[in-house]
Visitor: 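What follows is a structure written as structure tokens; I'll ask about it next.
Below, chain A is the first sequence line, B the second, and so on; all start at residue 1.
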Protein chains: 2
Amino acid sequence: MPKISDARRDARRNQILEAAQRAFAAKGYQHTSMAEVIAEAELSTGAVYGYFDGKRDLFAAVAKQVLGRRNADLVAAAADGSPPAPAEVLEIVLDGTRSEGLDLRLLVQLWGEATVDPEMRDVVNAGVKVLGGAFRAALRRWFEVHPEHAPDGADVAAENLVPVLMGMGQGFIFQSAMLDGFDSRAYLDGARRILPH
Amino acid sequence: MPKISDARRDARRNQILEAAQRAFAAKGYQHTSMAEVIAEAELSTGAVYGYFDGKRDLFAAVAKQVLGRRNADLVAAAADGSPPAPAEVLEIVLDGTRSEGLDLRLLVQLWGEATVDPEMRDVVNAGVKVLGGAFRAALRRWFEVHPEHAPDGADVAAENLVPVLMGMGQGFIFQSAMLDGFDSRAYLDGARRILPH
DNA sequence: CCATAAAGAACGAGCGTTCGTTTTTATTGA
DNA sequence: TCAATAAAAACGAACGCTCGTTCTTTATGG
């Protein structure tokens with residue numbers, strides 16, 4: 001089989017994905033041309049189109065990868081040790097983005113695109129659903145250990161908290177990406193103060 | 001002398017602004033062509049370009065109008081009656097968007113564009129700043145009446161809460177615009193449960 | 001050696017904007 | 001009161017440019 005080896009193929013694919021992530025984060029999905037992505041990847045048009053169907057497909061792949069990594073963080077952190085408190089759950093996910101050096105503007109751009117593009121919307125919905133499940137599981141474990149905060153049971157308490165807690169995360173992402181002089185410490189302090197602990 | 005009357009001019013300007021808001025909300029800023037905005041406004045290219053410098057300027061104007069209205073809601077509600085509780089502050093702003101029939105996807109699109117376009121970023125920053133001021137003022141008044149929730153004084157308590165509370169609002173906007181089967185009631189219930197009351 | 005990956009020039013659709021022309025409007029002089 | 005007029009607003013065809021994609025050619029890994 002005169003084909004490229006799997007290792008080579010994966011490496012190329014990754015090379016393109018990382019270049020696309022950098023380019024999209026810097027200039028925005030809509031404002032980045034395929035030519036720019038291609039230049040950033042140090043490849044040719046034909047090569048890139050051999051790996052992805054087009055610009056849209058490329059952005060979706062970048063988004064899936066990023067969202068997948070966020071979920072992995074949370075699952076890993078929740079698996080070992082004592083259950084994290086609500087505020088800690090938030091911090092685990094947000095710290096993950098920081099340590100990875102993820103440009104949060106990329107996520108906000110994804111949101112914007114997803115309001116209008118059904119394929120992207122599906123990607124976001126799937127990502128939120130998976131991440132929401134991880135949030136719920138982590139919170140349930142914590143409420144089980146802290147029944148004083150869960151008068152109606154850990155399940156109900158977790159269920160009620162998930163949307164708002166994720167909302168606080170989304171608010172963090174938005175403000176961090178957008179606001180001049182955003183103080184992430186102050187934001188998380190404020191969150192810690194109102195969340196059960 | 002032979003110029004159009006101010007009333008006429010304002011009406012035309014509004015006609016364009018409203019058409020643009022509808023068009024952008026439906027298809028997204030980037031995916032909406034000027035031709036579509038112009039058709040929606042039932043005017044000609046030249047007419048629209050007589051009122052706005054271009055597509056970007058038009059979107060900025062729409063955004064400013066929308067953000068301005070949100071702020072007006074809050075200021076009005078906070079002015080009369082007893083100070084609203086934190087959760088109520090949130091509801092006032094979010095209810096305003098609903099009663100106006102504002103498509104929240106428009107805001108998420110604005111965010112996305114603002115990550116990449118300095119002019120839009122300024123619009124968003126200014127909007128958040130003004131709205132944040134209104135939040136702060138409303139919260140301070142409530143904490144003054146409920147000192148049991150403000151051990152370090154109403155000013156500090158309000159200051160600490162503003163970013164997270166706005167974050168919860170941004171989370172609401174995102175989820176409402178994006179998630180299939182979003183339950184706004186459940187979201188606000190969850191918020192009410194953790195916010196001081 | 002040849003199947004296929006990579007290259008990159010070329011294409012054509014779609015876009016925002018411009019500009020020369022036509023229509024409408026408010027004013028003015030009879 | 002009402003033409004006449006000049007200023008402007010509105011019109012819409014056309015332009016020039018960008019960009020995503022395709023396709024033919026060349027290089028190369030197995």
Visitor: Quick check on C:dA6: is either OP1 or OP2 less than 4.0 Å from any side-chain nitrogen or oxygen of A:Ser44?
Guide: no

Visitor: Closer to the 5' end of DNA chain D via nearest nucleotide, is it A:Lys55 or B:Ala47?
Guide: B:Ala47

Visitor: Measure from CZ on A:Arg9 to C1' on D:dT28 and round the result to the nearest Å.
Guide: 15 Å

Visitor: Taking CG from B:Leu43 and P from D:dG12, how many angstroms apart are they, rounded to a whole number?
Guide: 10 Å

Visitor: From CG of B:Asp6 over to P of D:dA8, roughly how many Å is that when rounded to an integer?
Guide: 14 Å

Visitor: Measuring from the side chain of A:Tyr49 (C-beta onward, heavy atoms only), which nucleotide among D:dG20, C:dA6, D:dA10 has the closest atom?
Guide: D:dG20

Visitor: Flag the pair B:Asp189 and B:Arg192 as a salt bridge only when some basic side-chain nitrogen lies within less than 4.0 angstrom of an acidic carboxylate oxygen.
Guide: yes

Visitor: Could you check whether A:Gln175 and B:Gln170, counting side-chain N and O atoms only, form a donor-acceptor pair closer than 3.5 Å?
Guide: yes

Visitor: Under a 3.5 Å threshold, yes or no: a donor from one side chain and an acceptor from the other, between B:Glu113 and A:His31?
Guide: yes

Visitor: Using atom CZ of B:Phe59 as one end and atom P of C:dT17 as the other, report the distance to the nearest whole Å.
Guide: 14 Å

Visitor: Any side-chain donor paired with an acceptor under 3.5 Å for A:Glu88 and A:His197?
Guide: no

Visitor: Measure CD1/A:Ile16 against P/C:dA5 and give the value in whole Å, please.
Guide: 12 Å

Visitor: Expressed as a whole number of angstroms, how long is the span from B:Arg13:CZ to D:dA9:P?
Guide: 14 Å

Visitor: When all nucleic acid strands are considered with a 4.0 Å heavy-atom cut-off, which category describes A:Tyr51: base, sugar-phosphate, or nothing?
Guide: sugar-phosphate

Visitor: With respect to the side chain of B:Arg12, which nucleotide from D:dT22, C:dA5, D:dA10 is positioned closest?
Guide: D:dA10

Visitor: To the nearest Å, how far apart are A:Met34 CE and C:dG12 P?
Guide: 20 Å

Visitor: Using the closest heavy atom to pick a nucleotide of DNA chain C for each, name whichever of B:Ser33 or B:Arg8 lands nearer the 5' end.
Guide: B:Ser33

Visitor: Using a 4.0 Å heavy-atom cut-off, does B:Gly54 contact any base of the nucleic acid, only the sugar-phosphate backbone, or nothing at all?
Guide: sugar-phosphate

